[in-house]
Amino acid sequence: MNDNILTPEQVVEQFQQCLGDGLQASRIVKRSEGLKSAESIQIWLTIDKTKIKIAVQQLCDIQYPHLSVISGCDMGEGIELLYHFFIYYGVARGEYSVTIRTTLPKTDLIIDTITDLIPGALTSEREKQEFFGLQVLNIPDSRRMFLPDDFPEGVYPWRKDETGIKEEMVKKLHEVGKAEGAQRRAKNK
Amino acid sequence: MKESVVSAKKPIKTVIGPIHPALKEPIKFIFEIDGEKVIKVDLAPGHNHRGLEWMATRRNAVQTLYVSERICGICSISHSIAYCRAIEQAADIEVPVRADYLRTIFAEMERIHSHLLWAGVAALELGFDTLFYKAWEVREDLMDLLEYLTGNRVNYGVLQIGGVRRDITPDQHARINKSLLNYTILFDELYDMFLEDTVLRMRCRDTGVLTPEDALKLCTVGPVIRASGIATDVRQDFPYCAYGDLDIKAITPEALAGEVHGDVFDRIIVRLLEVKQSIEIIQQSMKKMPIGPLTNFPKLMVLLNHIKQAEGEGIGRHEAPRGEVFHYIRLAANQESPLVWKVKASTYSNAMSWVKMLEGEQIADIPIIVASVDPCISCTDRVAMVDKGRTSIFTQDDLRRLSRKKTERIRQGLK
Amino acid sequence: MFRLPMVPRVLKQLFNKPATNPFPARHLPKSITRFLEKVAAGKAELVLPLEVPEGFRGKIGYNPEGCTACSLCARVCPANAIEVNREEKTVTVYAGHCIQCGQCTEVCPKNNLFMTKEFLTATTDRYSEEMVLT
Amino acid sequence: MTEIFLKLIIGVVSMTALGIVGGFIIQGVDRKLAALMQARIGPLLRQPWWDFLKLMRKENVVPEHAVPWVYNAAPIMAFASVITIFLYLPFAGFNPLMEGYGDLILIMYLLAMPALAMVFGGFASGSPYATIGAQREMVTMIGYELPLGAIVISFAWKMAQSGLAHPFSLKTIAANPIWNLVGPFGIIGFILLLLAMIVVTPAELSKGPFDAPEAKSELAEGLLVEYSGRNLAMFYLALGAKMIAMLGLTVALFFPYTISQYFQVDTTVKIVIEVLFYIIKIFLVMFVSVTLMRVSMARFRITQIVEIYWKLGGTMTFLGLFLIMLDGKL
Amino acid sequence: MSISKALNKSLWVYHVNTGSCNGCDIEIVAAITPRYDPERFGIKLVGTPRHADVILVTGPVTNKMKDKLLRVYHQTPDPKLVMVIGACGVSGGPFYESYTLSGPVDDVVPVDVYVPGCPPRPESIIFGVVTALKKLEEIQKK
């Protein structure tokens, strides 16, 4: 952990240095809420998927980050993964949100694990595996987490293409018994 | 004789859950047990999946707001605050200052009720019914206050994207102040009952220890990581709503005992001190709250159209009673429902720390250790969806038919 | 030192009044049916539940008069509890589906939908007359 | 010989009735008092009776993995052994029915029987919770037998030392209140023993804070997890009767006083007074050692239970015994 | 004395959460606290279905919990009652369509009493029990 606290621009610069071309885009958002208008800082980085480990290592060098979650989005031709990190926690108003975005093309849904650097990422990575159908390389535990073992293979709930949820799998709870109920009411009248 | 069989080399496997009196919610633990000692722990969540994140992609933002409230009935405000903030950021909606303060007040009230609830449940796990009743008596008073202010005891429904739905009128102040004063007294009593009781201390000290290093590595949040001595709190680190004005300090057990064990007892201390802190926050916000509108979008349909047009992404965080909740939302133009909604509940982050806490402990301590995290399985499990293979559907239908028949038979018998 | 702060408290409580609100009766009456009949006839007294505050969101209420079936309520309903009947210019509200958020009562331009204070709604048929409002 | 058989038959019948009725009343009072202490109204006094009736009419399920005959025999064994204790216990100033045929040692063994029956039933039900519960029950028994044994030995020693015949007989103990026999050191010693007895009682009755074998929030009712219907009802009966037996033992050992000799009334009234006095004694002991204990403490861990009984209970009883012996020397 | 008369006086309750949001579960726990104290009716929360007379079900029944609910239903000795607490168990509530759910509860096990509300107040749950008792008495009369 470094004692001197970097400005958001310096953080981006450090990533620029270690990733080179791998850093595809960066954006710093400052938003404020409440009366005192304290600004909260969000750093959004878009990187190449092969550089994910270097990026996380870089983040660890700045301060061991808190990983909130890995979220994802099916963008049609590829799946976008977002790693939501936070650094400089424990200091009043000092925290930066660092979101690392990377796109996996649907033809090549493989990404390196970051569990060797951050063991707590395991839950999130297992979840992404079962919900997006991607493959995390070297994951220490690749069992299903939330879905049961007999969930059909090749169906990934968060995908928006043909591997997503099909309409016939959806149960409409609010329709159950409605017609019979109406008949009962009519009879009582 | 039987005992020696059990404590022989091969440990027995015990499954706790998904339905177990100690767990108010369904989650499954698979333990390997040697005598009374836990050797290995495996976690099988997922019994509570309702597929909320998928539902949101088929509904509009206002409908999803109420679903977000029902991710968890205890953190009902927490999730909707995080959800609203995410969507406000994505659609660039300004929130009036008064609404920010009101959100803060409701959120802190929820923290008090949640911590008291937890204290009661912890006492129940320890087989201490009287303390459970006592803690819930105090809580019941708060539930009355929340019902008075919001119209419901659990799912308050006071939040709206871009503001709040209900105001705290000046004539309600007297009642709130009276109740808050009452809590300060009752709190001292509870404090005495929890922290001075020798038996309770015997059970909780050095039980379920989590070191700060492990806490960081496993991404734990909320009272769990604070009890391990790391002073992180979203309200302090990344202020939002009115918290920026209120100078919040994260609470660690050092504040009371001067030392950190990272055990169950420390988690009790942190939560009890947070109740006191929350009372102070509410009192402060009541004083500082400015006059102003409740929302910038009084017409709901205008709001819905605004969200439909908007494009962008946003993250919303909130320090829920159990720790950080995190919502990520991406909106696409000309689409009523969000493209993606990702929810991260506090227990989702804390679940992995269970394994570390439970290993090497005794069976008797399982419930209190599990409860010490203040688990909220419905939060964690909200995502996945389950479908059964075709063959088993038939057998289940058969089962159901059989059970119906049986009930009919009994009813006949009753007559 | 062995301390049990609970002991003096419970001993004191032994002589205090219990905190229980004895709804609907202090102990179970011999026959619930007869008890309820007696209450209806005014012969027995039902202990009321604790008063609900102003603005409590109880069971939903619907007044079909003047309803234009504008479907705003159905659009915001998070529980799909409202069905719009376009021809009859009414809506059907399923009180068993309703999650009492009160959103529909706020968007209704004519105030045909409202939240009542009723909350003792337990029933043996979830599609009975009382549970489906038209 | 016929006299004994007659006595036995009448005794068994009357004692069974007494055990059942008394067990219901004492459980009702216990529940009501606990509720009042917890700021609740609580159940009616006859609630245990309703519970029992309902359980008797419910379906009696024998689980698939159970050993049926052990599983079904356990509750009967538990109840029968409790009733046997009654035959050897002095009640309200009356001598034990089977006096001369059994002593304190026998009672000690009989008291262990219901617990053992529950252990057998627990193992036989084949559920992992019940198995863990049964193990815990055995550990708890090992724990509390030490102080209980020490208490019994102290009494017998004192009786023998005072030169009384049949030092182990409850009749002797009941006839010679222990507090009259000893000096100041001995009184302190017996107070220690009384405290130990109060701590042993809840474990003997599987009540909190020593209810680890049945812990609801840990083991889903533990030993009794698979029991239902009639079998469960029998266990409830046995537990209720055992409560009376255990409290009766405490009263017989420590408070065998009678008061009727202070009243100038005829025999029937004397008996009524005596019985009332006895009931009051029983309820007082119950209030302190069962109700108050269970509402004001959190459940102990199983290791802590053993520790408490061996370290705390052991020290207390042996210190008590030592003081009594010291008292005898002075 | 008929069987169900004794049943009326002593209902032991077992609680199953089949994927609810916790709101109802908390209100059920709140309903056993001193303010409501159902023990005065002989109602008590038990830890195993074997001891139960009433099963309280909350939640819209996820597929994973469906088998477990059925198992609990079969483990409970007869006669028994099933009560559904909360809108999502009654009809799905806000979770009205999903492919992870196989509810509502009455599609899985037969239900005797519905207590709608999101969540129902503790008094409402007690009133639900009263409704159940009324139903029992009607059955006994026939």
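Per chain, numbering begins at 1; letters A, B, ... match sequence-line order. Predicted model only: the values in this text are computed from it and were never measured.
- The side-chain heavy atoms of B/N155 and C/I99, taken from C-beta on, include no pair separated by under 4.5 Å.
- For B/N60, the part sitting under 4.5 Å from any heavy atom of chain C is the side chain, from C-beta outward, and nothing else.
- The two residues B/E147 and C/P53 have their closest heavy-atom pair at O-CG, 3.5 Å.
- Of the two parts of C/V107, only the side chain, counted from C-beta on, holds a non-hydrogen atom closer than 4.5 Å to a non-hydrogen atom of chain B.
- With a threshold of 4.5 angstrom between heavy atoms, B/E137 approaches chain C through side-chain atoms but not through N, CA, C or O.
- By the 6.0 Å contact criterion, NZ on C/K117 is enclosed, its count of non-hydrogen atoms from other residues, nucleotides or ligands being greater than 12.
- B/T64 does not touch chain C: none of its heavy atoms, backbone or side chain, sits under 4.5 Å away.
- Under the 3.5 Å distance criterion, with hydrogens and angles disregarded, no donor-acceptor pair is assigned to the side chains of B/Q63 and C/Q103.
- Residue contact with chain C, scored on non-hydrogen atoms closer than 4.5 Å, involves the side chain of B/R166 exclusively.
- At a 4.5 Å heavy-atom cutoff, the contact between B/L304 and chain C is made by side-chain atoms alone.
- Heavy-atom pairs under 4.5 Å with chain C peak, among B/R153, B/M301, B/R165, B/M193, at B/R165.
- Comparing B/N152, B/T130, B/V62, B/D192 by heavy-atom pairs within less than 4.5 Å of chain C, the highest count is held by B/D192.
- In this structure, chain C has a heavy atom under 4.5 Å from the backbone of B/Y156, while its side chain stays farther away.
- Contact check on C/R75 versus B/E336 returns a salt bridge, with a Lys/Arg side-chain nitrogen under 4.0 Å from an Asp/Glu carboxylate oxygen.
- Note that OH of B/Y66 and CD of C/Q100 are 13.0 Å apart. Values are rounded to the nearest 0.5 Å.
- Proximity to chain C is absent for every atom of B/E140, based on heavy atoms less than 4.5 angstrom apart.
- Between chain C and the options B/Q160, B/E189, B/K299, B/R59, the largest number of non-hydrogen pairs under 4.5 Å is found for B/E189.
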